[in-house]
Amino acid sequence: MVDMLYPYTGMSAVEVLRYLDIPVDFPAGQTCCGQPAFNVGYHHEAREVAKQLIKAFENSALIVTPSGSCAAIIRHEYPKLFANDPVLLAEAERLASITWEITEYLVDGLGITDLQSALKEPAKIAFQDACHGLRTLGLKQAGRTLIGNLENVTIIDWDQSEICCGFGGLFSVKMPDVSGAMLQKKLDNIAQCGADFILIGDVSCLTHINSGFKKQGKPPAVRHIVDVLAESIRSQI
Amino acid sequence: MKINSKNFIPAAQVAIHDPDLQKAVSTGTHSGFTKRQAAMFADGHEHGEAMRQQAATIKRYSLSILPELLEQAEENMQANGIKVLWAVDAEEANQHVLEIAREHHVQSVVKSKSMVTEETGLNHTLEAAEIKVLETDLGEYIVQLGEETPSHIVVPVVHKTKASIKKLLIEKAGMPPTDDTEEMAKFARETLRSRFLDADMGISGGNFIIAETGSLCLVSNEGNARLVTSIPRIHVALVGIEKVIRSVEDYATLTQVLPRSATGQIMTVYTHIINGPRLAGETDGPEHVYVILVDNGRSEIYTSDYCEALACIRCGACLNACPVYQITGGHAYGWVYPGPIGAVVTPLLKGLENASPLPYASSLCGICKEVCPVDIDIPRMLLDVRRDLVKMGESDLIWDISIKLWAQGMRSERIFTMLGQTASLGQNLISKKLAGPLSGWTDYRSPPIFAQKSFHQLWKERRGKSNEQP
């Protein structure tokens with residue numbers, strides 16, 4: 001989804017890593033982690049797609065992704081998907097052990113909590129915790145720490161940050177009305193939360209929520225954490 | 001109970017467009033969830049989590065030795081004077097009750113809340129035998145008056161507004177019109193009270209059976225369970241075989257997480273530990289106590305990869321927390337157990353092919369596992385049931401084709417890159433509405449906008465511009 005819908009979010013991730021003097025490579029062979037197939041029960045197809053990813057990263061020492069959900073499937077599901085594959089299991093386990101969501105990598109992996117940068121304009125920011133990041137990776141603080149340490153930022157607390165937006169991948173296609181009703185609640189709550197914009201660590205939820213606003217003729221309210229981090233760096237340089 | 005789970009999507013659609021249901025379910029689940037959070041973490045998050053993990057360990061340990069525990073429970077209950085019967089399926093369970101009723105010339109039955117008897121459809125069996133059955137839990141009483149089924153494990157009428165309950169009580173039970181909730185409850189209490197005194201048999205469920213002491217445990221709030229289990233001559237409890245636990249100590253832990261999770265109470269108003277019928281010299285209590293241990297598909301789950309589902313203590317916390325249940329309410333799920341745990345156990349108990357939409361009725365957000373007092377990994381099981389459905393060929397053809405085509409594209413860097421280059425061109429073909437299986441998406445959302453250049457392209461260009469690393 002980053003590749004085709006939000007390539008500039010990918011570029012923001014690169015920018016943040018480069019700013020911290022971390023060498024970045026993008027193995028061109030990669031496509032998708034296979035999650036869409038996996039989540040609807042097509043494990044064979046998910047495995048086929050995952051093989052491509054495993055191969056693409058065979059020479060990488062560490063993987064960083066701006067999506068908690070992709071990191072979660074690689075870390076938690078790949079070893080199970082390849083449990084019966086004596087050849088690829090070791091490689092799947094290696095991938096699981098070197099894959100990080102980007103804010104998690106910066107804060108928990110490298111101990112970087114302050115990019116020493118600032119937003120151009122003061123902003124009130126609330127977070128939406130993407131479900132997979134929150135509940136399978138335990139992501140909560142890392143993004144808030146990095147953003148909270150930017151100058152000009154006020155973080156708004158709201159009690160809806162852990163409630164799902166209704167996306168759930170193909171759930172939103174299989175059950176579009178139930179998912180749509182969940183989305184509507186999220187849109188209403190965002191409208192009332194008092195923040196200038198919402199930050200999230202997953203482009204799938206971001207796409208879902210912003211597509212909902214757009215359908216109603218409203219501007220997008222959700223941005224990716226790394227886009228804002230990159231923007232703060234840019235205004236520094 | 002007849003299963004109608006195949007109909008989940010249209011039934012959910014009806015629920016979405018029922019403003020009364022939306023209001024009632026939203027208020028009820030929000031209240032349940034908020035109270036649960038407050039009660040569970042009243043002594044801090046760490047304490048709540050520790051309690052939850054302790055309960056999880058206890059239930060898993062009980063399951064690991066379930067066959068032994070069942071035998072021990074039977075032996076000790078019998079030693080206490082409780083008659084123990086086994087029922088392989090719903091029909092056998094109902095037949096046991098019917099035979100007991102005939103043996104003791106039972107004409108009228110009062111019941112306290114029991115989900116197992118919803119499974120077996122016991123009320124219909126008894127009524128067909130011309131035995132009067134009265135539900136005495138207030139919620140279940142309203143369900144019975146409305147000729148409905150419960151829509152929640154703990155709050156059977158969570159789908160009903162106060163106004164619709166009032167209407168039902170006036171029309172079906174002759175309540176004098178009132179808007180006062182206390183007055184309504186008082187009316188129901190008075191109506192029910194005389195029936196307790198007349199009943200020949202009381203039927204209850206069971207929250208736990210303690211194997212080492214042979215005790216049947218019930219938690220309740222309204223006092224009706226106390227009357228059901230102590231006034232009539234005969235008490236029959238129908239209990240799922242997975243409800244047996246080892247010891248009183250284990251009960252002490254479980255009875256802390258159950259009310260906290262179910263109703264946000266530290267303790268329920270009534271706690272019953274029933275050790276048998278009235279003893280010589282005692283002035284109250286039933287003359288006979290029967291416990292019917294109901295399998296009805298559970299032993300099949302026990303020996304499958306889904307054994308963990310049997311750890312469920314039926315608190316309803318996952319229903320209250322689930323953003324899908326909050327929208328659809330319980331009836332859309334089409335059988336006894338709705339919500340996330342229902343989406344797992346319904347296909348397992350009733351056959352995957354009879355409940356195929358249910359495992360997909362989840363965004364996999366994971367909050368069900370987070371609030372589960374025994375930490376059942378519901379999202380994991382939903383994923384596994386989906387896998388089994390695909391293996392069985394229960395997935396729709398359109399999904400088979402779409403996923404296979406998609407996987408073909410994703411396996412090849414060449415096709416993927418080509419897609420990336422052309423997606424934004426194809427965007428022009430997409431109007432504001434998508435077609436085929438994607439059409440529902442655009443009722444609530446704009447189609448996604450593909451970028452002019454994919455990340456693959458951007459990266460390649462940056463590399464091309466300079467020899468140094470982009």
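Residue numbers begin at 1 in each chain, while the letters A, B, ... track the order of the sequences.
Both the backbone and the side chain of A:Ser179 come within contact range of chain B, each with at least one heavy atom under 4.5 Å from a heavy atom of that chain. Of the atoms belonging to A:Leu183, it is side-chain heavy atoms, and not backbone ones, that fall under 4.5 Å from chain B. The part of B:Ser412 that comes within reach of chain A is its backbone (N, CA, C, O), which places non-hydrogen atoms under 4.5 angstrom from that chain. No part of A:Phe213 comes within reach of chain B, as not one of its non-hydrogen atoms sits under 4.5 angstrom from that chain. Neither the backbone nor the side chain of A:Gln216 comes within less than 4.5 Å of any heavy atom in chain B. Neither the backbone nor the side chain of B:Asp388 comes within contact range of chain A, judged by heavy atoms closer than 4.5 Å. For B:Trp406, the part lying near chain A is the side chain, with the backbone staying farther off; criterion is any non-hydrogen pair under 4.5 Å. If you measure heavy-atom distances from B:Ala332 to chain A, you find no contacts under 4.5 Å at all. Contact annotation for B:Lys453: only backbone heavy atoms (N, CA, C, O) come within less than 4.5 Å of a heavy atom of chain A.
Ranked by non-hydrogen atom pairs under 4.5 Å with chain B, the options A:Ala28, A:Ala181, A:Gly10 are led by A:Ala28. Ranked by non-hydrogen atom pairs under 4.5 Å with chain A, the options B:Leu382, B:Leu383, B:Ile9, B:Ile415 are led by B:Leu383. Of all the listed residues (A:His208, A:Glu162, A:Lys55), the one sharing the greatest number of non-hydrogen pairs under 4.5 Å with chain B is A:His208. Per-residue counts of heavy-atom pairs under 4.5 Å with chain B were compared for A:His76, A:Glu48, A:Gln52, A:Lys174; the largest is that of A:Lys174. The residue among A:Met11, A:Gln184, A:Lys214, A:Met1 with the most heavy atom pairs within less than 4.5 Å of chain B is A:Met11. Between chain B and the residues A:Ala56, A:Cys165, A:Gly29, the largest count of heavy-atom pairs under 4.5 Å involves A:Gly29. For the set A:Ile163, A:Leu170, A:Leu187, the entry with the most heavy-atom pairs within less than 4.5 Å of chain B is A:Leu170. Looking only at heavy-atom pairs under 4.5 Å with chain A, the residue among B:Leu389, B:Asp384, B:Ile327 that has the most is B:Ile327.
When all heavy atoms of B:Tyr444 and A:Gly180 are compared, the pair lying nearest together is CG-CA, 3.8 Å. Looking at every heavy atom in both residues, A:Pro176 comes nearest to B:Arg445 through O-NH2, 3.3 Å. The two residues B:Trp459 and A:Val24 come nearest to each other via the heavy atoms CH2-O, 3.8 Å. Nearest heavy atom pair, residue A:Lys80 against residue B:Arg380, reads NZ-NH2, 3.0 Å. For the pair A:Met175 and B:Pro357, the tightest heavy-atom approach, listed with the atom from each and the gap, is CE-O, 3.4 Å. Closest of all the heavy-atom pairs between B:Asp443 and A:Lys215 is O-CE, 3.6 Å.
Between A:Phe171 and B:Ser362 there is no side-chain heavy-atom pair separated by less than 4.5 Å. Side chains of B:Leu458 and A:Tyr8 form a contact here, defined as non-hydrogen atoms less than 4.5 Å apart. In this structure the side chain of B:Ile16 reaches within 4.5 angstrom of the side chain of A:Val178, judged on heavy atoms. Looking at heavy atoms from C-beta onward, A:Arg135 lies out of side-chain contact with B:Lys369 at the 4.5 angstrom threshold.
The CG atom of A:Leu81 sits 10.0 Å away from the CZ atom of B:Arg387 when rounded to the nearest 0.5 Å. Separation of atoms NE2 (B:His456) and CZ (A:Phe26) is listed at 4.0 Å; rounding is to 0.5 Å. To the nearest 0.5 Å, atom NE2 of residue A:His132 and atom OG of residue B:Ser363 are 8.0 Å apart. Rounded to the nearest 0.5 angstrom, A:Asp129 CG and B:Cys365 SG are separated by 12.0 Å. Between the CD atom of B:Gln13 and the CG atom of A:Asp177 there is a distance of 4.0 Å, given to the nearest 0.5 Å. Atom NE2 of A:His43 is separated from atom NZ of B:Lys391 by 8.5 Å, given to the nearest 0.5 angstrom.
Within 6.0 Å of the CD atom in B:Gln452, the count of heavy atoms belonging to other residues, nucleotides or ligands does not exceed 12.
Although no hydrogens or angles enter the test, the distance criterion places no donor-acceptor pair under 3.5 Å between the side chain of A:Tyr42 and the main chain of B:Lys404.
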